[in-house]
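Some notes on the structure that comes next.
What's counted below: heavy atoms across the whole structure, side chains too, no hydrogens, waters or symmetry copies.
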Amino acid sequence: MTYPGSGDHGTRPLPHQPNAYDSSPGFVPAPADYSDPTRFPSTGPAPVYGNPYVDAGAAALPEPPLVVIGDITCTQHYVITPSGTFPLAGSQWEVTDMSVSSEQMSQTGLVLALVGFFLVCFLSLLFLLMKERRTTGYIQVRVRGAGGVMHVTNIPATSPWAMSDVSGRVYYARQLAAAV
């Protein structure tokens, strides 16, 4: 079995740059020497029975999250994404509505009209006026940091008002970026 960085091809993975947002329990950066994959530093003392969270290794967030847009979190000074953490100042935000709303006759209204036609005759035909509105698709939010880091997230559009909600969140993030 080969490990990243082993072999004679001279490639090595980029070292992890620890920051305040590393929250994996027992997170320890990998050693610079990958020649012996069984040699990793200790994660600290073992948890004591009755108190399993003695050494979780998780760093507390230095700033509380102010707005969450999909998997993008904004604090007072930072944007936290799965692609990386970068300063909020100078970030650019884009929102694209890729959802479709369609309106069609309700199947429930059709069944009620057919069954009621034999009972109430013409009054049951009013059930055919029942409409059903469906919204499908996604709302795409793109954020670009000052250092060139970019992250795109797709948020499912479950209602016609989802775009309004996401746009409001992005507007708030833009206001935070402008205030910094």
Same cluster or not: [X] versus [Y], using hydrophobic residues (I, L, V, M, F, W, Y) connected whenever any side-chain heavy atoms lie under 4.5 Å apart?
| X | Y | value |
| --- | --- | --- |
| Tyr171 | Val67 | no |
| Val68 | Tyr78 | no |
| Val152 | Tyr138 | no |

Testing the basics here: between [X] and [Y], what is the closest heavy-atom pair and its distance to 0.1 Å?
| X | Y | result |
| --- | --- | --- |
| Ala146 | Ala89 | CB-O, 4.2 Å |
| Gly84 | Thr81 | O-OG1, 2.8 Å |
| Ala162 | Ala157 | CB-CA, 4.1 Å |

Any [X] side-chain heavy atom under 4.5 Å of [Y] side chain:
| X | Y | value |
| --- | --- | --- |
| Leu126 | Leu129 | yes |
| Val95 | Met163 | yes |
| Arg134 | Glu132 | yes |
| Ile69 | Ile155 | yes |
| Val79 | Ile72 | yes |
| Gln76 | Leu66 | yes |
| Leu114 | Phe127 | no |

Q.
Under a 3.5 Å cutoff, is there a donor and acceptor pairing between the side chains of Ser101 and Thr135?
A. yes
Q. Counting N and O atoms only, with roles assigned by atom type, does the side chain of Arg174 sit under 3.5 Å from a partner on the main chain of Trp93, one being a donor and the other an acceptor?
A. yes
**Q.** Donor-acceptor contact below 3.5 Å, side chain Glu63 vs main chain His77
**A.** yes
Q. Taking everything shown except Glu103 itself, do over 12 heavy atoms lie less than 6.0 Å from its CD?
A. yes
Just how far is it from atom [atom1] of [X] to atom [atom2] of [Y], taken to the nearest 0.5 Å?
| X | Y | atom1 | atom2 | result |
| --- | --- | --- | --- | --- |
| Met130 | Met105 | CE | CE | 11.0 Å |
| Ser102 | Lys131 | OG | NZ | 11.5 Å |
| Asp71 | Ser83 | CG | OG | 8.0 Å |

(Q) For Phe86 and Val143: C-alpha separation, side-chain torsions, deciding distance, then whether side-chain contact (heavy atoms from CB on, under 4.5 Å) applies. (A) CA-CA 10 Å; Phe86 50 89; Val143 60; 4.0 Å; yes
Q.
Show, in sequence, the C-alpha distance, side-chain angles and deciding distance for Val141 and Val170, and conclude whether the side-chain contact (heavy atoms from CB on, under 4.5 Å) test is met.
A. CA-CA 8 Å; Val141 177; Val170 170; 4.0 Å; yes
**Q.** Verdict with supporting geometry, Thr75 and Leu88, side-chain contact (heavy atoms from CB on, under 4.5 Å)
**A.** CA-CA 8 Å; Thr75 65; Leu88 183 63; over 6 Å; no
